[in-house]
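Just so you know, these numbers come straight off a predicted model, no measurement behind them.
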Amino acid sequence: MKYSKTALQLVEHFEGCELQAYQDSGGVWTIGYGHTQNVHQGMKITLQEAEIYAQRDLEIAETYVNALVIVPLTQEEFDALVDFVFNLGPESFKKSTMLELLNRGEYQLAAAQFDRWDRCGGKILAGLLQRRKAEAELFTEKEIA
């Protein structure tokens, strides 16, 4: 499957776009729409570069969702998972109860796992809580044929 415009909009909305490197709430150097690979203090990019990074990072998340999820997904479920993996990274998803439940076909129980990922450094972050709610809502939407 391929991520849709909805997944891109989620990333853009929740990440925002910063053209100068900053440390996120976990202390990770970040730039653009949540890009973290090879980012360092003082780094600056253009909006076009931020969009390219976002596209590449979404494609990486997409690849992991396609590789790790073995049950059929609607576009909405897929987009929610791509945003989740984009934000948390594939290793967290790979080890998650969410993935285990999903791959057993327990979609509703898997959806209930989103809100368990609302912390950074042991603290609940309002932005993460909002993001997880948005992902869960998208995940539980039914595709209209």
* Asked: H35 side chain to Q37 main-chain N or O, any donor-acceptor pair under 3.5 Å?
  -> yes

* To do: Check whether any side-chain N or O of T30 sits under 3.5 Å from a backbone N or O of V28 as a donor-acceptor pair, and report yes or no.
  => yes

State the [atom1]-[atom2] distance between [X] and [Y], to the nearest 0.5 angstrom.
X: T36; Y: Q23; atom1: OG1; atom2: CD; answer: 12.5 Å
X: E15; Y: D57; atom1: CD; atom2: CG; answer: 9.0 Å
X: M98; Y: E106; atom1: CE; atom2: CD; answer: 13.5 Å
X: R56; Y: L58; atom1: CZ; atom2: CG; answer: 12.5 Å
X: T74; Y: E76; atom1: OG1; atom2: CD; answer: 4.5 Å
X: Y33; Y: E51; atom1: OH; atom2: CD; answer: 5.0 Å

So do the side chains of [X] and [Y] get within less than 4.5 Å of each other, counting heavy atoms only?
X: I31; Y: Q20; result: no
X: D79; Y: L10; result: no
X: T140; Y: Q108; result: yes
X: F139; Y: L81; result: yes
X: Y107; Y: L73; result: yes
X: N87; Y: L128; result: yes

Say whether [X] and [Y] are linked into one hydrophobic cluster, either directly or through other cluster members, by side-chain heavy-atom distances under 4.5 angstrom.
X: L88; Y: L129; value: no
X: Y53; Y: Y22; value: no
X: L47; Y: L8; value: yes
X: F84; Y: L101; value: no
X: F86; Y: V39; value: no

* **side-chain contact (heavy atoms from CB on, under 4.5 Å) between I45 and M43, worked out** => CA-CA 7 Å; I45 60 172; M43 184 175 176; 4.1 Å; yes

NZ/NE/NH1/NH2 to OD/OE distance under 4.0 Å, [X] and [Y]:
X: R132; Y: E135; answer: yes
X: R131; Y: D83; answer: yes
X: R104; Y: E100; answer: yes

For [X] against [Y], the heavy-atom pair lying closest together:
X: A136; Y: A111; answer: CB-O, 4.1 Å
X: S25; Y: L125; answer: OG-CD1, 3.2 Å
X: A50; Y: L19; answer: CB-CD2, 4.1 Å
X: A7; Y: V82; answer: CB-CG1, 4.5 Å
X: P72; Y: E77; answer: O-OE1, 4.1 Å

* Using distance alone, with no hydrogens and no angle criterion, decide if E62 and N66 have a side-chain donor and acceptor under 3.5 Å apart. => no

* Asked: Does atom OH of Y64 have more than 12 heavy-atom neighbours, drawn from other residues, nucleotides or ligands, at distances under 6.0 Å?
  -> no

* To do: Evaluate the criterion side-chain contact (heavy atoms from CB on, under 4.5 Å) for residue pair Q130 and F14; output intermediate values, then yes/no.
  => CA-CA 9 Å; Q130 290 174 344; F14 285 106; 4.0 Å; yes

* Take Y3 and F78, measure what ring-ring contact (aromatic ring centres under 6.0 Å, His included) needs, and give me the verdict at the end. => CA-CA 7 Å; Y3 71 88; F78 185 77; 8.2 Å; no

